[in-house]
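Reminder, nothing fancy here: chain letters follow the sequence lines and each chain counts from 1. Just the heavy atoms: all of them, side chains too, but no hydrogens, waters or symmetry mates, feed the values below.
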Amino acid sequence: MSEPLITRVAPSPTGDPHVGTGYMALFNYCLARTTGGRFILRIEDTDQTRYQEDSERQIMESIRWLGLPYDEGPDVGGPNGPYRQSERTDIYRAHMQTLLDNGNAYRCFCSAERLEEMRHAQRARKMPPGYDGLCRGLLPEAIEAKLAEGVPYVGRLRVPKDRTVTFVDELRGKVEIAGKEIDDQVLMKSDGFPTYHLANVVDDHLMEVNEVVRAEEWITSTPKHVLLYEAFGWKAPRFRHMPLLRNQDKSKISKRKNPTSLLWYRDHGYLPEALVNFLGLMGYTGPDDNEIFDLPQMLADFDTKRMSTSGPVFDIEKLGWLNGEYIRALSEDDLADRILEHYAHRARIGAEPDAARDGPLQRWIFEQGGFGNDQVRAFVRETVPLIQTRIKTLDEYGPLTRCYFIDELGPLDPEELVPKKRDLDATKAALVAARERVEALMIFDTPSIEAALREVGEAIEWKPRELFQAVRVAVTGSAVSPPLFESMALIGRERTLERLAAAGN
RNA sequence: GCCCCUAUCGUCCAGCCUGGUCCAGGACAUCGGCCUUUCAAGCCGAAAACACGGGUUCAAAUCCCGUUGGGGGUACCA
């Protein structure tokens, strides 16, 4: 193949770990792995105003959860650390000085207010906004004076306005932007922290990154980066801009219109391998019509030629289908483990048991002595065959299996209980008959229960489906449930008879 | 506004580079049927798209130009 690619994913710890970060991590990971290169995680925490305490830890955890381990990063180290930009300020300062010295950058003493006014005026005159170059030609004496006065300043890139900057995007081909369209970007803020542009270029170079794979939103600032590489006398990496994930309305994916947190997907019972597969379907195709491929498969036939450029709408419906596919592909033992793990995870993160989502499962498990309890494990394991084709996320397990985990069903809906064309009294009589017959069973297992109920149906001249509906609602509390006879066996003789009696009253 | 990216079913992707095999193929969702103790799952089937206009060519979803649409950028945020 090609040369080993050193790639990186460089999120900012400004909130929940984002699906977009997962998306970029996936492709960076594939590029590095399939070329025998390295994959780096770098934390871009240069904006102290947006920094969020827990974010970095969650980012690292989420990337690992997805199964995309990085070779270098804040918590694993590496030869070119530190991997947290806030710990590299000396490096940026030194590089800023280099640029100041070689004339590719200059000090700008303009205040935020002046810049604000300037932009206002530009907009009013329908001029493209951008720094007007006031400080660009400041004489050395003037600079010394300002410095002596202690006026705060920033470092700006001195963009050559009279030429065109060109770079090749690996996905889109040649991109050209006229120098006059490029703003004299701030590289070093007055607080001593670098902006993205400076830090990014310096770090990518120092960390030996040779292919920058990032989101499309960066494409217009790439010329600034190209100029920076030139200013330092460095070889620029290759650039590959991936399309942006979109909301239904095609705008850049956002929290308001989609769950964007990787944590959300984990907490709601999505399997990491399904999410990775789904992300792998965005702007990428496998070698054939097959859309179900896990990471190892994706790596096995990964080809950058099949990456595309148009922004995919993030369709959570399709993710749900894929998740269901992965759930169904699991062995019953594995699925039982995943379910247990999921509810253990929900307990660990302190999620309040949610009746609609968790059902009574969490509480029941707790009462039975915790997740490690063998009886609990065995019981959950027994339910798996009944629900495996019926859940799309692990989260759906709780509500679906509610009837197995509680003692009192609560009030039944007569609309559901009574079959069409029959009345309440007849239904109650039928349930009493069913109860009597079932009670007489010597062996309380699935085939016996089924045979017994069919007998009852014939005796009272009800169609099987009518009787089964009434019994289903009486025993499970709902007209929609896992298979009836198996469920009755699982619920057990005692509780089943109680429920039939209660409904028949 | 200006700059950049982009354009095939509602959605995700094939096909486009190397024009004809495309009255456009697969998947999700939708609808219908089968199976069936409900719901699922599974199986079968239906409906559903080349943004528009000019070229080039015997022939264009495929090549060229333009228009329109969508997105992104335009910060001492990343």
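Between A/Thr309 and A/Arg465, the residue anchored closer to the 5' end of RNA chain B is A/Thr309, taking for each the nucleotide with the nearest heavy atom. Between A/Gly286 and A/Lys189, the residue anchored nearer the 5' end of RNA chain B, judged by the nucleotide with its closest heavy atom, is A/Gly286.
Here A/Thr49 lies out of heavy-atom contact (under 4.0 Å) with every strand. Residue contacts for A/Pro312: at a heavy-atom cut-off of 4.0 Å it reaches the sugar-phosphate backbone alone, with no base atom in range. Here A/Val313 lies in heavy-atom contact (under 4.0 Å) with sugar-phosphate atoms only. When heavy atoms are screened at a 4.0 angstrom cut-off, A/Phe314 is found touching no nucleic acid atom at all.
Neither OP1 nor OP2 of B/rU74 sits under 4.0 Å from any side-chain N or O of A/Arg119. Taking side-chain N and O atoms only, A/Thr285 has a distance below 4.0 Å to OP1 or OP2 of B/rA14. The side chain of A/Arg306 contributes no N or O atom lying less than 4.0 Å from OP1 or OP2 of B/rA14. Neither OP1 nor OP2 of B/rG71 sits under 4.0 Å from any side-chain N or O of A/Arg246. For A/Thr195, no side-chain nitrogen or oxygen approaches OP1 or OP2 of B/rA78 to under 4.0 Å. The side chain of A/Lys463 places no N or O atom within less than 4.0 Å of a non-bridging phosphate oxygen (OP1 or OP2) of B/rU37.
Using bins of under 30°, 30° to 60° and over 60° for the plane-to-plane angle, the ring pair A/Phe27/A/Phe302 lands in the tilted bin. Using cut-offs of 30° and 60° for the angle between ring planes, the A/His197 and A/His225 rings count as tilted.
Remark: A/Arg214 fails to qualify as a cation-pi partner of A/Phe239 under the 6.0 Å distance and 45° angle criteria applied to the six-membered ring. Geometric assessment of A/Arg107 against the ring of A/Tyr153 yields a positive cation-pi assignment under the 6.0 Å and 45° thresholds.
Which of B/rU74, B/rU38, B/rG71 sits closest to the side chain of A/Pro129 comes down to B/rU74. Checking B/rC39, B/rU6, B/rC4 against every side-chain atom of A/Ser310, the shortest atom distance belongs to B/rU6. Closest to the A/Arg328 side chain, of the nucleotides B/rG42, B/rA40, B/rU37, is B/rG42. Closest contact between the side chain of A/Arg50 and the listed nucleotides B/rG72, B/rU74, B/rC77 involves B/rC77.
At a cut-off of 3.5 Å, with distance as the only test, no side-chain donor of A/Asp395 or A/Thr393 sits close to an acceptor on the other residue. Side-chain atoms of A/Thr46 and A/Tyr196 form no donor-acceptor pair, as typed in the model, at a separation below 3.5 Å. For the residue pair A/His18 and A/Ser62, no side-chain donor N or O sits within less than 3.5 Å of a side-chain acceptor on the partner.
Distance CD (A/Glu181) to P (B/rU74): 14 Å, rounded to an integer number of Å. Note: NZ (A/Lys392) to C1' (B/rC39) measures 11 Å, nearest angstrom. Distance CZ (A/Phe193) to P (B/rC77): 11 Å, rounded to an integer number of Å. In this structure, the CE atom of A/Met188 is 12 Å from the P atom of B/rC77, given to the nearest Å. Counting to the nearest Å, the C1' atom of B/rC77 and the NE2 atom of A/His197 are 9 Å from each other. Put simply, CG on A/Leu171 is 16 Å from C1' on B/rG71, counting in whole angstrom units. Atom pair A/Lys224:NZ and B/rU74:P shows a separation of 7 Å (rounding to whole Å applied). What separates CD of A/Glu217 from P of B/rC5 is a distance of 16 Å, to the nearest Å.
A donor-acceptor contact under 3.5 Å is not formed by the side chain of A/Arg172 with the base of B/rC5. No hydrogens or angles were tested; on distance alone, nothing pairs the side chain of A/Ser12 with the base of B/rA78 as donor and acceptor under 3.5 Å.
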Provide a list of protein-nucleic acid N or O atom pairs under 3.5 angstrom, restricted to nucleotides 25-28 of chain B.
unit_1: B/rG26; atom_1: N2; unit_2: A/Glu291; atom_2: OE2; d: 2.7
unit_1: B/rA27; atom_1: O4'; unit_2: A/Glu291; atom_2: OE1; d: 3.4
unit_1: B/rA27; atom_1: O2'; unit_2: A/Glu291; atom_2: OE1; d: 2.5
unit_1: B/rA27; atom_1: N3; unit_2: A/Lys318; atom_2: NZ; d: 3.2

